[in-house]
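Please read these numbers as outputs of a predicted model, since none were measured by experiment.
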Amino acid sequence: SNRTLSCIMASSTLLCVVAAVLCRVAGASLTAYYPLTAGSSLTNGIWTVPANTPIQLLLFAPGITTATTVTFTLSSTSCEGDRHGEATIISASNNMTATVSTSLPYFNGKLQYMCIDDSFQGNKPWATIGTYLPQESGEDFPLSVEIFLIFVLLALSGLFSGLNLGLMSLDTTELKIVSEVGSEDEQRYARAIMPLRMRGNMLLCTVLLGNVIVNSALTVFLDDVLGSGVFAVLGSSLSIVIFGEIFPQALCTRHALWVGAHTIWLMKFFMLLTAPVSYPVSIVLDRLLGEEIGAVYQRKQLLKLIQLTKENIGLGQNEVDIITGALTFREKVTGQIMTKLDDVFMLDVNVVLDYRTILNITQAGHSRIPVFRENRQSIIGMLFMRDLCFVDPDDQTPLDAIIKHYRHPLKFVSDDTKLDLLLEFFRQGRTHICVVTHTETVDGLPHQVVVGIVTLEDVLEEIIQAEILDENDLSDRNKTPLLPFLIASAQSQGAHRFNEQFMTATLTYLASLPLFQPTVIHPSVLRLLIQQVGVVREVNSTNTPNDSILYRIGQESNIFTLILDGHVRVQVGRDQFTFESGPFTTLGMAVLSNPNTPFVSDFTATVISDTALIVQISRSLYLRSVRASKRRPGPVPGHGQEEGKIVPLSTSSMELVQRGQTDTDGQTSPPAGAQETAVDLAFAEERRNSLAGMGKPILSSASLEAELRRDSFSNSPGLRQEARLMAAAEPEQVEWDGEAHNEHARLL
């Protein structure tokens with residue numbers, strides 16, 4: 001109390017006056033002291049001051065001057081031990097009192113004693129002082145606990161920071177998609193996160209509030225551990241940025257589902273903990289901002305997203321093209337995909353459906369063909385390919401009659417019609433082809449002009465972003481004109497080749513004749529026979545009149561003729577009975593049916609059309625083909641071929657036939673027997689391959705070819721020379737044994 005303090009000071013003053021006289025010779029002697037710093041306390045007559053803090057003391061010591069030294073020691077008996085806390089004399093008055101400044105360390109509650117000028121002042125209360133640690137924030141926790149809390153807070157800071165970026169970036173639409181079509185784990189994670197993510201504003205408030213609280217507490221603990229100053233600022237900033245922001249966000253941007261699903265219980269706890277603050281704020285945000293809407297992409301944005309991520313999601317280029325076409329086709333109009341009128345295959349209504357016209361229609365390869373009158377813009381009808389099923393080319397039916405009979409309706413669309421509307425029109429089954437018109441203004445009045453056609457195939461091609469090609473399509477119909485007529489194309493190539501449909505028709509017709517049935521001539525042999533040079537040829541009655549006479553009455557001939565296209569006039573007997581015949585007419589069948597009897601024609605056959613396409617087969621070529629068919633290799637045991645099954649020629653056999661066509665010493669036509677031996681070579685090679693499949697020793701290809709050539713081409717020096725060269729280039733592979741020798745001898 002103040003009264004007690006006044007009494008102590010009065011007593012101290014009296015003692016100092018008494019001791020002043022005694023100490024003039026012995027030096028200063030402490031009689032009392034009084035702390036001038038706040039936070040000091042008196043307990044049992046001993047003052048206790050804050051440790052590690054600058055303090056000021058008022059000393060009552062007679063004889064004390066500014067030159068006096070004041071120190072402290074832990075020894076309670078002398079000043080000979082270690083001393084510390086040397087005080088600085090601030091002021092001295094009348095050699096009786098002095099004000100000193102010092103800072104005393106904390107020694108776990110131990111008392112300290114004063115020494116004045118190396119003189120121990122005793123262990124009485126007026127010469128004893130105690131210290132204590134000031135009560136500051138964080139000092140309630142040990143250092144190890146603070147370090148542990150720092151790591152926990154760093155983990156929570158990283159969790160809140162990562163989930164803020166990871167979970168909030170997963171919008172509800174994406175979570176719904178993943179929960180339905182993701183992997184099994186992704187679906188499970190998405191379903192666990194969905195309830196929390198649906199409360200987006202409350203989740204956002206919880207994550208942000210928790211992140212702020214954790215970072216604030218982390219800063220306080222780091223300041224306690226690292227101390228105040230530059231190191232504390234740098235340490236707290238770096239630890240929060242690196243471990244609380246960068247690493248967690250980098251992790252959660254890639255594995256947000258996994259992290260969110262495994263920390264869902266922790267987020268629920270913090271949502272409950274922060275609910276008094278986060279819930280009201282989230283309600284306000286819901287009212288102000290409205291319900292959260294997931295990510296929505298425009299067509300162009302979705303298209304760009306697919307193009308940028310096609311490699312990551314495993315989409316092929318064809319799939320990307322189809323998706324691109326499906327997303328963009330409704331923005332396009334009919335005029336962009338139509339076939340221009342100049343490129344459309346059309347028919348004049350005045351044409352006659354003869355053999356050439358029907359063949360031209362077939363070659364075009366279209367199922368629906370526009371029909372026009374006078375000019376191409378005046379389309380009056382549509383011809384379907386099925387309309388020609390019962391049309392005989394020999395009847396030369398007018399196309400106009402077919403159009404009037406079937407009356408297929410025409411559908412017109414404008415060139416600015418959107419493709420989605422056009423597709424819906426086609427989808428309803430009304431038609432698969434439309435005539436495209438463009439509106440022009442003539443004399444102030446709108447006028448519709450035909451500019452092209454559009455089909456369902458065009459729309460589908462635009463969707464899949466690729467051409468749908470069949471065997472008759474062109475790669476670019478808007479740039480490449482229609483292929484010339486079949487026969488003209490064959491003439492330009494210098495050989496009479498026709499497409500597979502024409503070949504099939506010819507082979508089918510010949511196979512229906514008794515002399516060309518498969519039991520007589522093998523189908524593969526018959527195909528090779530037709531492909532020989534000179535078998536199929538075109539006769540031009542205008543440029544070469546003499547060539548137009550196929551047979552003369554009374555003249556011997558060894559040629560069988562089949563008319564494929566065109567017309568011939570036949571005059572029979574002495575009475576000159578005359579008739580005309582057209583395609584698929586046979587002449588000179590007796591040449592093949594009676595091979596041992598010379599055929600003398602009793603009629604004259606002349607080509608009367610401008611051009612005619614004919615097949616001419618000599619008797620010797622036919623007989624060779626028959627013999628080759630008899631030597632046609634049958635099924636090879638153990639090779640899975642059925643008895644009597646037609647086996648196509650091998651590639652090597654085809655090559656032998658082609659070589660047989662050209663190795664004629666530069667002659668314009670094969671020598672006698674060249675075509676027949678080409679067939680022989682082909683089937684001898686085929687039989688050789690069959691023997692090889694049974695593991696029997698065989699002759700090499702060159703030796704076998706040489707034997708056949710010496711037998712059949714003995715009058716061709718060029719072929720004999722080639723046979724010798726082939727035999728020299730490919731020596732015998734194996735030696736003969738008895739069985740193989742007999743087999744090859746039979747073949748030869």
Side-chain angles (χ1 to χ4, degrees), residues 39 50-53 105-106 108 132-170 189 192-193 195-197 199-285:
N52 302 319
T53 303
Y106 180 73
N108 295 326
Y132 72 92
L133 290 175
Q135 294 294 328
E136 297 181 1
S137 176
E139 294 292 340
D140 293 336
F141 299 98
L143 181 61
S144 58
V145 176
E146 289 186 344
I147 294 176
F148 173 75
L149 291 177
I150 287 174
F151 282 106
V152 173
L153 292 174
L154 276 175
L156 291 176
S157 176
L159 177 65
F160 287 128
S161 177
L163 292 180
N164 181 34
L165 180 63
L167 287 184
M168 300 310 297
S169 63
L170 294 174
Y189 297 156
I193 295 173
L196 265 67
R197 188 60 186 84
R199 306 177 66 90
N201 288 327
M202 187 172 181
L203 178 62
L204 177 63
C205 293
T206 300
V207 170
L208 293 179
L209 187 59
N211 195 26
V212 171
I213 294 174
V214 168
N215 287 342
S216 300
L218 182 60
T219 303
V220 173
F221 281 104
L222 286 174
D223 182 71
D224 291 340
V225 174
L226 300 177
S228 59
V230 178
F231 293 103
V233 174
L234 292 178
S236 60
S237 300
L238 291 177
S239 59
I240 292 175
V241 170
I242 296 176
F243 300 105
E245 298 290 341
I246 297 178
F247 286 166
Q249 291 189 15
L251 175 66
C252 288
T253 52
R254 294 167 177 81
H255 307 285
L257 280 176
W258 186 91
V259 175
H262 286 80
T263 58
I264 194 70
W265 58 272
L266 190 60
M267 290 305 303
K268 290 181 179 180
F269 170 75
F270 279 106
M271 290 181 72
L272 180 63
L273 189 64
T274 61
V277 178
S278 60
Y279 180 73
V281 175
S282 65
I283 294 297
V284 174
L285 291 176

| For Ile246, all residues meeting side chain to side chain contact (heavy atoms under 4.5 Å, CB included), sequence neighbours excluded | Val241

| remark: Correct closest heavy-atom pair for Cys205 and Ser278 would be CB-CB, 3.6 Å

| task | Applying side-chain contact (heavy atoms from CB on, under 4.5 Å) between Leu156 and each of Val214, Leu218, Ile213, report the one that passes. | result | Val214

| remark: Heavy atoms of Tyr106 and Asn52 approach each other most closely as N-OD1, 4.1 Å

| query | Who passes ring pair (Phe, Tyr, Trp, His ring centres under 6.0 Å) against Tyr279, sequence neighbours left out? | reply | none

| message | Would you compute the distance between atom CD of Glu146 and atom CG of Leu153 and round it to the nearest 0.5 angstrom? | response | 11.0 Å

| query | Between NZ of Lys268 and OG1 of Thr206, what distance do you get to the nearest 0.5 Å? | reply | 13.0 Å

| said: Once side chain to side chain contact (heavy atoms under 4.5 Å, CB included) is applied, do any residues pair with Thr53, and if so which ones, sequence neighbours excluded? | reply: Pro50, Pro134

| task | Report yes if the side chains of Asn201 and Val284 come closer than 4.5 Å at any heavy-atom pair, otherwise no. | result | no

| Closest approach of Pro280 to Ala275 (non-hydrogen atoms, all atoms of both residues) | CD-O, 3.4 Å

| said: Among residues at least two apart in sequence or on other chains, which ones pass side chain to side chain contact (heavy atoms under 4.5 Å, CB included) with Thr219? | reply: Ile240

| field | Heavy-atom side-chain proximity of Leu154 to Ser239 below 4.5 angstrom | value | yes

| Partners meeting side chain to side chain contact (heavy atoms under 4.5 Å, CB included) with Phe269 (sequence neighbours left out) | Leu273

| query | What's the spacing between His262 NE2 and Ile193 CD1 if we round to 0.5 Å? | reply | 10.0 Å

| remark: For Ala261 and Tyr189, the nearest pair of non-hydrogen atoms, with its separation, is CB-CD2, 3.5 Å

| request: Identify the heavy atoms of Leu196 and Met267 that sit nearest to each other, and give their distance. | output: CD2-CB, 3.8 Å

| Applying the side-chain contact (heavy atoms from CB on, under 4.5 Å) test to Leu159, which of Val207, Thr263, Asn211 qualifies? | Thr263

| said: With rounding to the nearest 0.5 angstrom, report the CG to CZ distance, Leu238 to Phe243. | reply: 9.0 Å

| task | For residues 151-167, pull every pair meeting side chain to side chain donor-acceptor pair (under 3.5 Å), keeping only residues two or more places apart or in separate chains. | result | Ser157-Asn215, Ser161-Glu245, Ser161-Gln249

| task | Apply ring pair (Phe, Tyr, Trp, His ring centres under 6.0 Å) to His255 and list each qualifying residue two or more places apart in sequence or on a separate chain. | result | none

